Protein chains: 2
Amino acid sequence: MSLRMALLGLLTAYGPASGYDLAKSFERSVAHVWQAGHSQIYPELAKMTADGLVTVEAEGARGRKIYAITPEGGAELRAWLISHDPTGPARNEVALQAFLLPLLDPGEALAVLERLRAYTERKLAELEALHAVKHASPVPEGATTGVRFGNLALDLGIRQTRTTLAWANDTIAAIGRRA
Amino acid sequence: MSLRMALLGLLTAYGPASGYDLAKSFERSVAHVWQAGHSQIYPELAKMTADGLVTVEAEGARGRKIYAITPEGGAELRAWLISHDPTGPARNEVALQAFLLPLLDPGEALAVLERLRAYTERKLAELEALHAVKHASPVPEGATTGVRFGNLALDLGIRQTRTTLAWANDTIAAIGRRA
DNA sequence: GATTGACATGTAAGAACTTACATGTCACTT
DNA sequence: AAGTGACATGTAAGTTCTTACATGTCAATC
């Protein structure tokens, strides 16, 4: 369902687009929140067409198909946003490694934490780069809250990544003291 | 792979256990980090037995099978912990809803944020309850870092949940000012 | 004119995960 | 003696996701 909602959201915010465009949008903007490759996106768009949530508005060069969201699609997205409680399947590889970390001896654990810290730092740098770029991007139609589409999630992502980084630093210090 | 590693970790920390026990452990201790039901655990244990990572150490009453980790299993877990970089598939429903939120008008957006805040508060309460309980639990063997198994992840989880809560509160305030 | 590379769309096989179905044991209560 | 509920293990069908394969167009360069 989430993939479907992400696609409906992109079509609402940026207007009609092809599967290819949507796959690019995933890479660029939604990637830090939800990931999907083209091999998942194309079949999903086909199903959504069958379900009447989107239509093929036009077919362009190179077999390019332009999808547009239908009123039913808009309703589905709104309903989901308003009433779907995140099932939060809780699947976090960083946290799983943190969970299992005490099974290693202190030296190894420190090495793993350093690796996690480096990984988190890279991720933070990426998000902050996005944050810097977004000020130059246009405000899409449909953003009635006065907040630019995607910014709330970016803010949340940056805060969470900083929190993870602080945790890694504190844990390195704590284990370092013992070793 | 992660499910496999979580199972190997539990077997290392708490010693031999049945599929049923492991499913319970998932509910109790790893759940906030990685989730799996018994219908996923039983077949995985069968595959792991075939791969030589665990063995059926004993068969008890009621068809109960006790699995124990093998040296190969231990090596596999260590290798994964030390060198596997989290692929971070980035699939976060809360963040996705945050991403799409500006598509709603301010009143609706506020309602969604309130729902997300309530959800996050419930989750924080659960984690803090676990935190309170853990001080009464025994220190399992294999925890050579001097940190109790699972505590690092719990700390990380609590910090992240607090961060999400703060984000929800700040965002509610920000959108409230505009509305 | 040939090659390269971004554009563009798909399918296939398999792994991971969810939900529901299905079966049987043992201890304790009524 | 029958019923309940925790114990215990599995299978089946369906969805989602990953990785790899497969095909073809168009523009620009060499």
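Just the heavy atoms: all of them, side chains too, but no hydrogens, waters or symmetry mates, feed the values below. The model shown is predicted, which means the values in this text are computed figures rather than measured ones. Note on naming: letters A, B, ... go to the chains in the order of the sequence lines (proteins, then strands), and numbering restarts at 1 for each one.
- Using a 4.0 Å cut-off between charged side-chain N and carboxylate O, R28(A) and D21(A) make no salt bridge.
- Side chain of Q97(B) to main chain of D85(A): no donor-acceptor pair is present (N/O by atom type, distance under 3.5 Å, no hydrogens or angles).
- Contacts of E76(A) classified as side chain to side chain donor-acceptor pair (under 3.5 Å), with partners at least two apart in sequence or in another chain: none.
- Rounded to whole Å, atom P of dT18(C) lies 12 Å from atom CD of E93(B).
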Legend entry - Protein-to-nucleotide contact annotation, 5' to 3' order, nucleotides 5-18 of chain D [B base; S sugar-phosphate only; - none; under 4.0 Å, heavy atom]: --BBBBB----SSB
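- The pair R117(A)-E114(A) counts as a salt bridge, with a side-chain nitrogen and a carboxylate oxygen less than 4.0 angstrom apart.
- Taking the six-membered ring where tryptophan is involved, the planes of H38(A) and Y42(A) are perpendicular, since the angle between them exceeds 60° and thus also 30°.
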